Every structure is written in C-alpha cells, then in structure tokens.
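See below for the structure under consideration.
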Amino acid sequence: MRLEMKHRILWVFGAMLLGVFSLHAQSNEPLFTQQMFQKVNFNPAAIRPDPVVDVSLFGRMQWVDFDGAPKSIMLNASGYMSEIRSGVSGSIIGESFGKTFWMNAKFGYSYHIHLGRMNYLSFGLSAGVLYKNFAGHEIKTEDSQDPYVNYEDVNDVKPDVDFGLMFTFNKFSLGLSATHLTAWAYNRKKDYFAPQEGYHAFMQFKGDISPKFAIDPYIAAHYVNGFIKAEGVVTFRFADVFWIGGGYRYNDAVMLMAGFKIGKVFSIGYSYDLGMGGLKKYHSGSHEIYLSLKFETTRKVGEVTDTPLMFE
C-alpha cells in the first residue's frame with residue numbers, strides 16, 4: 001500500500017513538473033531559423049526604406065519525436081510609405097508546448113530619419129496583447145479520482161509593448177530592441193503567465209559580389225527569461241532566385257537552409273536544425289517552412305532602391 005502511494009506521489013510530482021516547465025518555457029519567445037528575412041515581430045523598427053509590402057509566414061516543428069515538443073507559427077507583414085517616411089507592421093505568433101498555448105498579436109509603427117545617401121535611423125513601437133492558456137484538464141493521473149489532484153484550465157491576457165531602433169547604412173543594418181516592456185508590472189513569483197522582458201540585437205549585410213552572386217551574413221543575440229541565444233548565419237544568393245545557407249545557434253543547433261523565388265512575388269524556404277544541446281539525444285531535429293509574398297509599390301519619379309526584393 002505504501003509502495004502504491006509512493007508511486008502515485010512520484011507520478012503526480014512528475015506531472016506537476018511538466019506543467020510548470022511548459023508554463024515557464026512558454027515565456028521564452030520562439031526563435032525561427034529563417035528570422036533574418038522578416039524581423040518585425042521582435043523589432044518594430046526593422047523595416048528597410050524600400051517600396052515593398054512584405055507578407056511572410058513561418059511554420060516550425062521543433063524537436064521532432066519529442067513528446068509535447070513546441071510547434072510554432074508566425075505571420076509577419078510590413079510596408080514602407082516614403083511620403084511620410086514611416087513603416088507599418090503587424091505580427092501574430094502562436095506556439096503550443098505541452099499543455100500550454102501561447103499567442104502574441106501586435107501592430108507596429110516606425111519613423112525613419114534620413115541621414116543622407118542611403119543612411120537611415122528608424123525608431124519603432126508596437127503594441128498588442130499576450131494570451132496564454134494552460135489546459136490543466138488534459139493532465140491525466142493513474143487515479144483520476146484522486147482528491148489531492150486538481151488541475152484546472154487557466155487563461156490569461158495581458159497588454160504588450162515593444163520598442164526598437166535600426167540603423168541602415170546602404171546594405172548594412174544594425175538593430176536593437178526590447179520586447180514585452182509591460183513585464184515590470186507583474187509579480188513573476190506569483191504569476192506564471194507574467195510576460196518576460198526580451199532584449200534583441202542583430203547585424204545584417206547584403207554582400208553583392210556580382211550581379212549573379214551574393215554572400216549575406218547575419219548575426220543575432222536574444223536575451224529572454226534569463227537565457228541568451230546567439231546565432232550566426234551566412235546565406236549565398238544566386239541571381240536573386242535561389243539561395244542556400246547555414247549557421248550555428250550557440251549550444252543549441254547547427255542550421256541548414258535553402259530556398260528559391262518563383263516569379264517576382266512568391267518565395268519559399270526550408271530549414272533544418274540539427275540539435276547540438278543537451279536534448280539532442282531525445283529528438284531528431286527541427287523543421288521550418290518559410291513562405292513570402294513581396295509586392296512592389298509605386299515609386300516616386302527618380303526614386304531607386306539598392307536592395308533586392310527577395311530580401312529586406
């Protein structure tokens with residue numbers, strides 16, 4: 001009898017740990033391997049002053065074969081209005097992990113200061129909501145009638161604000177941003193659903209070697225919930241139609257990617273992350289699909305852009 005009670009306590013404790021782990025993991029913003037193609041979800045200023053409306057969809061299956069692994073989807077959209085030197089953006093991110101679901105929806109605005117030639121400094125602000133749901137009723141124990149076990153569904157919605165800035169020098173971009181700035185208003189020790197501040201930085205360069213070939217390096221660092229995720233990626237573009245690339249996310253994964261452009265508007269990319277961290281023996285990697293629609297807007301007379309439409 002004591003042995004059965006001991007097993008029951010251990011099982012319940014394990015279920016509680018899974019629930020808490022899911023809640024805390026959800027406070028970490030999902031990272032997408034092909035994020036360099038559209039970054040407005042973590043930096044509302046990251047809109048280059050090009051006459052393009054960019055709509056991008058990302059779908060990610062992380063840690064394949066790991067039970068309850070994260071599944072993420074993100075829709076980003078942005079556009080620049082040269083007449084008022086402003087950019088507008090929208091982003092929706094959803095992720096399920098274990099018994100938890102997390103969603104972030106926000107709209108952003110950025111203002112660009114022209115510093116001469118192709119140099120710009122932009123400031124961006126986005127606002128929206130964070131929604132989190134914990135499906136406690138789905139946690140099953142060996143004895144569903146145990147009066148000491150009571151898991152309830154929990155739902156919570158909180159306001160969300162991000163701020164970012166970006167410096168553009170011809171083909172070089174540098175961005176800094178802070179996300180979930182409302183997090184200071186909540187007590188994290190008592191509220192598992194409290195947002196976690198995030199701090200992000202990136203550098204990107206469009207390296208055109210010739211009209212047919214280019215090398216584009218990208219590095220980024222993300223600090224969220226007390227953890228730093230740093231990564232570097234290099235992509236090789238061929239005639240602005242096809243690209244391949246690879247990179248490394250520190251203590252996490254080796255990243256491989258490829259994609260191509262269909263016509264002047266549609267692009268598709270795929271990436272695979274080969275796990276390198278402590279969980280690598282429990283899963284077979286992560287898969288991600290990237291879809292993009294880029295519509296060129298009307299230019300003013302004499303206005304030109306030096307950036308290929310495939311990339312920002």
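Excluded from the calculations below are hydrogen atoms, water molecules and symmetry mates; all remaining heavy atoms, backbone and side chain alike, are included. No experiment lies behind these values; they were computed from the predicted model shown.
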Is there a path from Tyr109 to Ile113 through hydrophobic residues (I, L, V, M, F, W, Y) whose side chains come within less than 4.5 Å of each other? yes
If hydrophobic clusters are built by linking Ile, Leu, Val, Met, Phe, Trp and Tyr wherever their side-chain heavy atoms come under 4.5 Å apart, do Ile268 and Leu57 end up in the same one? yes
Sequence neighbours left out, what passes side chain to side chain donor-acceptor pair (under 3.5 Å) with Tyr218? Give chain and number order. none
With sequence neighbours left out, what residues match Thr168 under side chain to side chain donor-acceptor pair (under 3.5 Å)? none
The side-chain contact (heavy atoms from CB on, under 4.5 Å) partners of Tyr270 (sequence neighbours excluded) come to Tyr272, His287, Ile289
Check whether the side chains of [X] and [Y] place a donor and an acceptor atom closer than 3.5 Å, and report yes or no.
{"X": "Asn104", "Y": "Asp160", "answer": "yes"}
{"X": "Glu95", "Y": "Ser72", "answer": "yes"}
{"X": "Asp273", "Y": "Thr33", "answer": "yes"}

Salt bridge check, Asp240 against Lys212: does any charged N sit closer than 4.0 Å to a carboxylate O? no
I'd like to check Ile47 versus Ser89 (side-chain heavy atoms, cut-off strictly below 4.5 Å). Are they in contact? yes
Can you spot which of Met74, His222, Glu288 makes a side-chain contact (heavy atoms from CB on, under 4.5 Å) with Gln35? Met74
Heavy atoms only: give me the nearest His180-Gln196 pair and the separation to one decimal. CD2-O, 3.1 Å
Does Lys39 count as lying over the ring of Phe202, i.e. NZ or CZ under 6.0 Å from the six-ring centre, within 45 degrees of the axis? yes
